[in-house]
Amino acid sequence: MKKLNSVLLVDDDAATNFISKMLIKKAGITEHIETTLNGRQALDYLTNSGKYEKSNGIFPQPMLILLDINMPVMDGWEFAEAFSKLDENQKGKIIIIMLTSSLNPDDKEKASNLSAISGFQNKALTMEGLTSIMNTFFPDI
């Protein structure tokens, strides 16, 4: 069975990251899950800098990013803007899903108008939500 090479969780809430990680592991869609606590750390990871030095020097580029909106340092909107300015090789074919507790309909509309954002889901991630993401964006996996 094919799998995603990596999933990146971008959320400052440890409980949310824990739940998302457990669900992704249970779904068996990847062997590699990275967690960052804000958009700045996520950008550092994507551009191979910061504290993500691996012993073999390999930074698996995520195929899927689950992105929170409200975070300190750099929020989801700021990350999406910065992400859209990255080199094509750093962006790859990454699918970014905003995963948020925001009930503001303006947020969903704003996300739909950003080319970097592929989808919008409410927290917490569910197996149904994850299956929907996989079926929509990765039908061959």
Side-chain angles (χ1 to χ4, degrees), residues 1-54 56-141:
M1 178 176 132
K2 284 177 63 179
K3 294 184 179 198
L4 301 180
N5 58 352
S6 175
V7 174
L8 178 61
L9 306 176
V10 187
D11 198 316
D12 61 320
D13 183 66
T16 297
N17 286 330
F18 179 79
I19 291 166
S20 296
K21 246 182 172 168
M22 291 292 96
L23 204 63
I24 291 165
K25 284 180 182 174
K26 186 175 179 183
I29 61 169
T30 186
E31 298 297 323
H32 192 92
I33 306 167
E34 278 294 332
T35 305
T36 58
L37 301 176
N38 59 60
R40 170 55 47 209
Q41 286 184 0
L43 281 176
D44 287 348
Y45 179 80
L46 292 174
T47 56
N48 294 352
S49 63
K51 63 180 183 166
Y52 301 98
E53 198 62 43
K54 303 289 184 215
N56 58 6
I58 295 173
F59 297 82
Q61 186 179 61
M63 293 172 76
L64 174 63
I65 295 176
L66 299 178
L67 177 66
D68 186 26
I69 293 178
N70 299 308
M71 297 174 286
V73 184
M74 178 185 273
D75 69 19
W77 303 122
E78 293 165 325
F79 171 81
E81 189 177 321
F83 178 86
S84 65
K85 295 175 183 168
L86 292 178
D87 292 341
E88 287 304 315
N89 65 334
Q90 290 172 323
K91 286 194 283 193
K93 292 181 170 42
I94 298 172
I95 298 296
I96 301 176
I97 304 294
M98 277 203 151
L99 193 62
T100 181
S101 54
S102 169
L103 299 175
N104 185 342
D106 293 345
D107 285 342
K108 189 169 188 171
E109 186 177 338
K110 184 175 178 181
S112 71
N113 290 323
L114 291 174
S115 60
I117 307 298
S118 301
F120 191 93
Q121 283 204 4
N122 291 328
K123 282 183 184 173
L125 185 64
T126 61
M127 191 59 82
E128 183 181 44
L130 186 57
T131 301
S132 173
I133 291 167
M134 292 303 293
N135 290 341
T136 303
F137 300 102
F138 306 101
D140 55 340
I141 292 181

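Just so you know, these numbers come straight off a predicted model, no measurement behind them.
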Closest contact, heavy atoms only, [X] versus [Y]:
{"X": "Asn5", "Y": "His32", "value": "O-CB, 3.5 Å"}
{"X": "Gly76", "Y": "Leu67", "value": "O-CD2, 3.6 Å"}
{"X": "Met63", "Y": "Leu4", "value": "SD-CA, 3.6 Å"}

Sort and list the pairs that fulfil salt bridge (charged side-chain N to carboxylate O under 4.0 Å, His left out) and have at least one residue in residues 125-141, not counting sequence neighbours. Lys2-Asp140
Measure the shortest side-chain to side-chain distance between [X] and [Y] over non-hydrogen atoms and say whether it is less than 4.5 angstrom.
{"X": "Leu37", "Y": "Met71", "result": "no"}
{"X": "Tyr45", "Y": "Val10", "result": "no"}
{"X": "Val73", "Y": "Asp12", "result": "no"}
{"X": "Phe83", "Y": "Ile94", "result": "yes"}
{"X": "Leu66", "Y": "Ile97", "result": "yes"}
{"X": "Ile24", "Y": "Leu64", "result": "no"}
{"X": "Ile29", "Y": "Phe138", "result": "no"}

Less than 3.5 Å apart, which donor and acceptor atoms pair up between the side chains of residues 116-127 and the rest of the protein, not counting sequence neighbours?
{"residue": "Gln121", "atom": "NE2", "partner": "Gly129", "partner atom": "O", "Å": "3.1"}
{"residue": "Lys123", "atom": "NZ", "partner": "Asp11", "partner atom": "OD2", "Å": "2.9"}
{"residue": "Lys123", "atom": "NZ", "partner": "Asp68", "partner atom": "OD1", "Å": "3.3"}
{"residue": "Thr126", "atom": "OG1", "partner": "Gly129", "partner atom": "N", "Å": "2.9"}

Starting from the C-alpha separation in whole Å, work towards a yes-or-no answer on side chain to side chain contact (heavy atoms under 4.5 Å, CB included) for Trp77 and Glu81. CA-CA 6 Å; Trp77 303 122; Glu81 189 177 321; over 6 Å; no
Looking only at atom types and distance, does a side-chain atom of Gln61 sit under 3.5 Å from a main-chain N or O of Gln90, one as donor and one as acceptor? yes
Examine distances only and state if a side-chain atom of Lys91 and a backbone atom of Ser84 form a donor-acceptor pair shorter than 3.5 Å. yes
Among residues at least two apart in sequence or on other chains, which ones pass side chain to side chain donor-acceptor pair (under 3.5 Å) with Asp13? Thr16
Which is it for Thr131 and Met134 under the side chain to side chain contact (heavy atoms under 4.5 Å, CB included) test, yes or no, and what are the steps along the way? CA-CA 5 Å; Thr131 301; Met134 292 303 293; 5.7 Å; no
Looking at CD1 of Ile69 and NZ of Lys108, how far apart are the two atoms once the value is rounded to the nearest 0.5 Å? 11.5 Å
Between the OG atom in Ser20 and the CD1 atom in Ile33, the distance rounded to the nearest 0.5 Å is 9.0 Å
How far apart are the C-alpha atoms of Leu46 and Ile65, what are their side-chain angles, what is the distance that settles it, and do they pass the side chain to side chain contact (heavy atoms under 4.5 Å, CB included) test? CA-CA 11 Å; Leu46 292 174; Ile65 295 176; 4.0 Å; yes
Answer yes if the side chains of Asp107 and Ser102 hold a donor-acceptor pair under 3.5 Å, and no otherwise. yes
